[in-house]
There are 2 protein chains.
Amino acid sequence: MSQPDTKERILDAAEMLFARDGFHFASLRAITTLAKVNLAAVNYHFGSKEALLEEVFKRRLIPLNEIRQAELERVRDLAESEGRAPRAEEVMAAFIVPTVRFCCQDPQAEHFSTLVGRAIAEPDDTVRNVFIHHIMPLFLLFFDLLQKALPDLDIDTVFWRLHFSMGATTHTMRLIGKPELLPEGLNRNIDIDKLLRDLLAFVTAGVVQ
Amino acid sequence: MSQPDTKERILDAAEMLFARDGFHFASLRAITTLAKVNLAAVNYHFGSKEALLEEVFKRRLIPLNEIRQAELERVRDLAESEGRAPRAEEVMAAFIVPTVRFCCQDPQAEHFSTLVGRAIAEPDDTVRNVFIHHIMPLFLLFFDLLQKALPDLDIDTVFWRLHFSMGATTHTMRLIGKPELLPEGLNRNIDIDKLLRDLLAFVTAGVVQ
DNA sequence: GTCTATACGATGATAGAC
DNA sequence: GTCTATCATCGTATAGAC
């Protein structure tokens, strides 16, 4: 490659402009100008604007998934070594803590969380399947551990309580970095550690009841 | 009006195509073709594509909000007449039950629930802001009642617990009507009444802890 | 007032030369 | 791999028919 960092420069520019202007209003002409590459480079390297968005998304999702997978496996192995079932609170924390922390470590996080929400709601199978393909193995491990933590509940009940918890978590990520959306009279200086404790206490109370 | 239902036909077509394809990929040409009206009719009757989206939302959101408002006021007035604070579970039910039921009662409204799910997750501020603008007054009443129900908690804690509950609810609505997305081994014949009970029990446990 | 036909500028995508 | 030139389609605007 004569320009070995062309793809990276496009990804950086796209991530910045998708975050600042939104997917629709960030034009390929603006992205390629900022990245100092030719307009056609996006379609050459990525195939389409949608595929570029997907790569921007995956660049963050894959490392995050590795962290969450490692945490879930750590909880599973610790419980096994102690000859007990994992505790529901441990399982929830193993997934939720890295998820929320990941979205606070840099200014792009806000957009990443909306991308996750969008992928979940996407009606187009091809786009949604890409997301499902990356999240499903992780979700199944999460689901399996939570079933072990709650052996007295039927599988459907465990699933829906997990689903409720995921909804609470993703909805929360959407608001981090957008404190201007908080109603008047609230503390707009969000304390992430306190928020994480509150969220974990909330979902744990709902999951174990 | 020589075509008294032109606006309604545009709204029906737009609701279906916005839900199926997303706001960005549903073109005005596709919408006006499906509605059997001229392309320019959208800009004549609504002003812009974005204004059309807002009307699509308002047509369903305003009646739904009236139901939810009435339920919240009923809970508030009943508590007042009995000289007590409203109970958290009553407050949560007043909002959540009409919300979930509204999206299951007729096939047209099913498109709306898809739209709401997408609007909240949409990367475009354009789409999300339309939704937030219409839900905010209701949210503030909801918030106020929940503060009265939980007088020992500070305002920020109440807000976040409410926010977690809204996340669980909207995430759940996203899955209703799409049981094919449920993992293998789960009951795909979703029982709305049971689901509502489970969701209410979950958020109530998290809110009151 | 409503509706139609048509045109405009900008966009995402692509073919082909280098 | 990168470029230029070009294309189809997009949202929008407007002139004029009924």
Side-chain angles (χ1 to χ4, degrees), chain A residues 1-58 111 115 118-119 122-124 126-127 130, chain B residues 1-59 115 118-119 122-131:
Chain A
M1 289 190 283
S2 58
Q3 289 274 31
D5 54 346
T6 295
K7 289 182 72 168
E8 284 300 313
R9 288 216 313 280
I10 293 173
L11 285 170
D12 289 337
E15 184 169 64
M16 200 276 270
L17 291 179
F18 285 160
R20 199 193 63 185
D21 303 331
F23 176 70
H24 175 244
F25 291 104
S27 73
L28 290 184
R29 284 164 175 82
I31 291 168
T32 52
T33 299
L34 180 62
K36 299 192 200 311
V37 299
N38 185 269
L39 169 62
V42 166
N43 276 280
Y44 175 76
H45 285 288
F46 298 98
S48 71
K49 187 185 182 184
E50 273 273 305
L52 170 60
L53 174 70
E54 202 172 291
E55 286 302 314
V56 168
F57 172 63
K58 276 162 65 176
H111 199 248
L115 288 185
R118 181 174 183 271
E122 184 61 53
D124 176 37
T126 61
V127 176
V130 170
Chain B
M1 288 188 285
S2 57
Q3 290 271 34
D5 54 346
T6 295
K7 288 182 75 167
E8 284 300 313
R9 288 215 313 280
I10 293 173
L11 287 170
D12 287 337
E15 182 170 64
M16 201 274 271
L17 292 179
F18 284 159
R20 197 192 66 183
D21 302 332
F23 177 68
H24 173 242
F25 291 102
S27 73
L28 291 183
R29 283 164 178 84
I31 291 167
T32 52
T33 299
L34 181 62
K36 299 191 199 316
V37 300
N38 185 269
L39 168 63
V42 168
N43 274 280
Y44 174 75
H45 285 287
F46 299 98
S48 70
K49 187 183 182 184
E50 186 184 340
L52 169 61
L53 173 70
E54 188 165 341
E55 288 303 314
V56 168
F57 269 117
K58 279 163 68 177
R59 189 170 61 148
L115 258 189
R118 289 178 59 84
E122 189 68 42
D124 273 357
D125 287 342
T126 307
V127 182
R128 202 176 40 223
N129 287 346
V130 169
F131 180 78

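Letters A, B, ... mirror the listed sequences (proteins, then strands); counts begin at 1. Keep in mind the model is a prediction, meaning the values are calculated, not measured.
B:Thr33 is not listed as a side-chain neighbour of B:Leu39, based on a closest heavy-atom distance of 4.5 Å or more.
Atom C1' of nucleotide D:dA13 and atom NE2 of B:His45 are separated by 16 Å, given to the nearest angstrom. Nucleotide D:dT6 holds its C1' atom 14 Å from the CG atom of A:Asn43, rounded to whole Å. A straight line from CG of A:Asp21 to P of C:dT11 spans 12 Å, rounded to a whole angstrom. Atom pair B:Tyr44:OH and C:dT2:P shows a separation of 4 Å (rounding to whole Å applied). The distance from atom CZ of B:Phe25 to atom P of D:dG11 is 11 Å, rounded to the nearest whole Å. As rounded to whole Å, 8 Å separates atom C1' of D:dC10 from atom NE2 of B:His24. At whole-Å resolution of the value, CG in A:Leu52 and C1' in C:dA13 are 14 Å apart. In this entry the distance linking CD of A:Glu50 with P of C:dT14 reads 13 Å, nearest Å.
A side-chain donor-acceptor contact under 3.5 Å links B:Lys49 to the backbone of B:Ala26.
With D:dT12, C:dA13, D:dT4 as the candidates, the nucleotide lying closest to the side chain of A:Ala40 is D:dT4. For B:Lys49, whose side chain is taken as the heavy atoms from C-beta onward, the closest listed nucleotide among C:dA15, D:dG11, C:dA13 is D:dG11. Distances were taken from every side-chain heavy atom of A:Arg29 (C-beta onward) to each of D:dC3, C:dA5, C:dT11; the shortest belongs to C:dT11. Proximity note for B:Ser27 (side chain, C-beta onward) versus D:dT12, D:dC10, C:dA13: the nearest is D:dC10. Nearest nucleotide to the A:Thr6 side chain, out of C:dT14, D:dT2, D:dT12: D:dT2.
Classification of the A:Phe18-A:Phe23 ring pair by plane angle, with boundaries at 30° and 60°, yields tilted.
Here CD1 of B:Ile31 is found 8.5 Å from CG of B:Leu34. Values are rounded to the nearest 0.5 Å.
At a threshold of 4.0 Å, the pair B:Glu15-B:Arg59 counts as salt-bridged, since one of the basic side-chain nitrogens sits closer than that to a carboxylate oxygen.
B:Ala26 comes within 4.0 angstrom of sugar-phosphate atoms only, judged by non-hydrogen atoms across all strands, and of no base. No engagement by A:Ala41 is indicated, since no non-hydrogen atom pair under 4.0 Å with the nucleic acid exists.
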